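Nothing here was measured: the structure is a model prediction, and the numbers come from that model. Just so it is clear: chains get the letters A, B, ... in the order the sequence lines come, proteins before strands, and each one is counted from 1.
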Amino acid sequence: MPVICWFRRDLRLTDHRALYAAAEASAGAVIPVFILDDAILHDGYVGAALTAVTLAMLEALNHDLQQLGSRLIVRHGQPLAELQRLVSETHASGVYWNRDYLPYAIKRDTAVKQWLREQGLQAHSFHDSVLVEPEGLKTKTEQKPYLVYGSYVKRWSELAYHQAEQLVPAPSKLVAPPSDLASLPIPALADLGFDLQQTIPQVGEALAQQRLAQFFDRRRELSVLKYAEAREVPAEAGTSQLSVDLRMGTISIRQCLKQAVDLLTEPLTAEQRQGVDTWIKELAWRDYYTQLIYHNPHMLNGSLDPRYDQIEWRNDPTEFAAWQQGQTGYPIVDAGQRQLNQMAWMHNRVRMISASFLIKDLLIDWRWGERYFMRKLCDADITANNGGWQWAAGSSGPSAQPYFRIFNPIAQSKKHDPHGQYIRRFVPELANVPDRYIHEPWTMPPALQAHLGCVIGRDYPAPIVDHGLARERALNAYRTALQTSE
DNA sequence: CGCAGGTTGAC
DNA sequence: TCAACCTGC
């Protein structure tokens, strides 16, 4: 009897635990299924970029399945109902899938599991998308979920490294689903009601493998060995570029860690080791936020620490629009937002600067920014995005120290984009502005502005807030909120 | 209980 | 130093 393998955010064949187990259990008679779910597609968070990327990954997955003699069965509807239909059409003995940890997914999967059990069918879910599952690591003394990243990561490594030794291969061959089993064509983006105005990366398992291999190719100028420093320079391609692949699972997280662990066994300089260690810690952040939200689901709707929900945001819609469009007058912020709007991606350092600016300088509710990023990013991930925004807002975790965390957009710009290369790439109005003015172009003498054809207020916006004043305003708003909610 | 530490900073 | 808190052992 065949077995259904239900693909969700794991659009690959290599080191896919549910697929591997399904193939073993059925001697290759796997029905590979992806269900387009309107509850996700139209939840107001999912945007054109992530949807486009997902559709392209489905095309690639279907292609790769065909190489193994199979094909992807695509359905569109409510997942439980679609699976019920598929089970009856295929007489499958059960459904296999990799676990997901957000409330919606848990509820959905629990209902599926319950129905399968009632029917006497197999329901097998697998630990796959994270290195350490949310229930897999608790504090020593009280067996409670961790709140502090530092404490979490200390004990994460050993468990994670163990997972990196547990890879499974892609099936070498699959039995084709019955030829009369219906499958929808993979839809075009427009058919789902999306209009993509951004460029998106090329995707698919083969490309994900290529990106991973390149990042770990020590002969390359910007490999993981330089990551610790290169990742802080938005003008350079010093990051792994794997966020979109980790979002939708075109690469396995275990394979990612395995590469790093293997590299650490080679002779490395302290700086090179630092690069690899830093990258591993980024993988730990992913697991950390997954377990933080799993155990504190209210943070999907508000601050982890509810005292921060008392902040009186200004929420000025004109300023929000200026931020969205990259018209704040702060070049590093505008470059970041324009990179996002054009490329459906923003360098992580700039995400932090831009988030801090929206929250602290404009005093706009971090959830507005969170939602905008979700809709624009091709790697949009509720967990990582929510965690990142809460971190920027200082509302996440007990080490929140808003007094320390008001980024100075000018100082950040000078530090991380000293020659303005990144700024000039995305803010062409400033292309000819000399280095000494590129971070704060409003300080240019008027004669120079006229000479360069870059008059502030005409060719490029004047800053919409004064950072010094905005900083004091934010400190007051935070102080007031924390005092009144005692 | 006491104590160390707290991703990414700014002034 | 800011200002002075919470986690986790």
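A:Glu282 comes within 4.0 angstrom of a nucleotide base, judged by non-hydrogen atoms across all strands. Residue A:Glu142 is classed as having no contact, given no heavy-atom separation below 4.0 Å to the nucleic acid.
Ring stacking holds between A:Trp285 and B:dT7, with the centres under 5.5 Å apart and the planes within 30 degrees of each other.
Look at CD on A:Gln274: it is 15 Å from P on B:dT7, rounded to the nearest Å. The nearest whole Å value for the distance from the CD atom in A:Gln143 to the P atom in C:dG8 is 12 Å. Here C:dA3 presents its P atom at 12 Å from CG of A:Asn476, a figure rounded to the nearest Å. In this structure, the NE2 atom of A:His347 is 17 Å from the P atom of B:dT8, given to the nearest Å. Whole-Å rounding puts the A:Lys140 NZ to C:dT7 P distance at 19 Å. Between A:Leu475 atom CG and B:dG9 atom C1' there is a gap of 12 Å when expressed in whole angstrom units. The nearest whole Å value for the distance from the CG atom in A:Asn348 to the P atom in B:dT8 is 13 Å. In this structure, the CG atom of A:Leu482 is 18 Å from the P atom of C:dC2, given to the nearest Å.
Distance check on atom C1': C:dA3 versus B:dG6 gives 14 Å, rounded to whole Å. Atom P of C:dC6 sits at a distance of 25 Å from the matching atom of B:dA10, rounded to the whole Å. Using C1' as the reference atom, B:dC1 and C:dG8 are 13 Å apart when rounded to the nearest Å. Taking atom C1' on both nucleotides, B:dG5 is separated from C:dA4 by 14 Å, rounded to a whole Å. The P atoms of C:dC5 and B:dG9 are separated by 24 Å, rounded to the nearest whole Å.
You'll find the side chain of A:Pro331 reaches within 4.5 Å of the side chain of A:Leu430, heavy atoms only. Contact check for A:Tyr152 versus A:Asp287: side-chain heavy atoms found under the 4.5 Å cut-off.
Secondary-structure stems of DNA chain C, taken as three or more successive Watson-Crick or G-U wobble pairs (i with j, i+1 with j-1) under a 3.5 Å distance threshold, comprise B:2-6 with C:5-9.
Of the possible donor and acceptor atoms, one in the side chain of A:Glu205 sits under 3.5 Å from a partner among the backbone N and O of A:Thr14.
Residue A:Ser151 places no side-chain N or O under 4.0 Å from the OP1 or OP2 atom of C:dT7. Using a 4.0 Å cut-off, some side-chain N or O of A:Gln412 falls inside it from OP1 or OP2 of B:dA10. The phosphate of C:dC6 (OP1 or OP2) has no side-chain N or O of A:Tyr146 nearer than 4.0 angstrom. Proximity of A:Asn408 to the phosphate of B:dC11: a side-chain N or O atom is located under 4.0 Å from OP1 or OP2.
When ring centroids are compared, A:Trp389 and A:Phe373 come within the 6.0 Å threshold.
With C:dC9, C:dT7, B:dT8 as the candidates, the nucleotide lying closest to the side chain of A:Leu147 is C:dT7. Of all nucleotides listed (B:dT7, B:dA10, C:dC9), B:dA10 comes nearest to the side chain of A:Ala411. Across B:dG9, B:dT7, C:dG8, the shortest atom-to-atom separation from the side chain of A:Thr139 is found for C:dG8. Considering only the side chain of A:Arg471, B:dA10 comes nearest among B:dA10, C:dC9, C:dG8.
Cation-pi geometry between A:Lys154 and A:Tyr146 is not met: the NZ or CZ atom fails to fall both under 6.0 Å from the ring centre and inside 45° of the normal. The cationic atom of A:Arg371 (NZ for Lys, CZ for Arg) lies less than 6.0 Å from the six-membered ring centre of A:Tyr45 and within 45° of the ring axis.
In this structure, A:Glu229 places its CD atom where only 12 or fewer heavy-atom neighbours from other residues, nucleotides or ligands lie under 6.0 Å away.
For the residue pair A:Gln241/A:Thr239, the side-chain donor-acceptor check at 3.5 Å is satisfied.
Remark: A:Asp379 does not engage A:Arg247 in a salt bridge, criterion side-chain N to carboxylate O under 4.0 Å.
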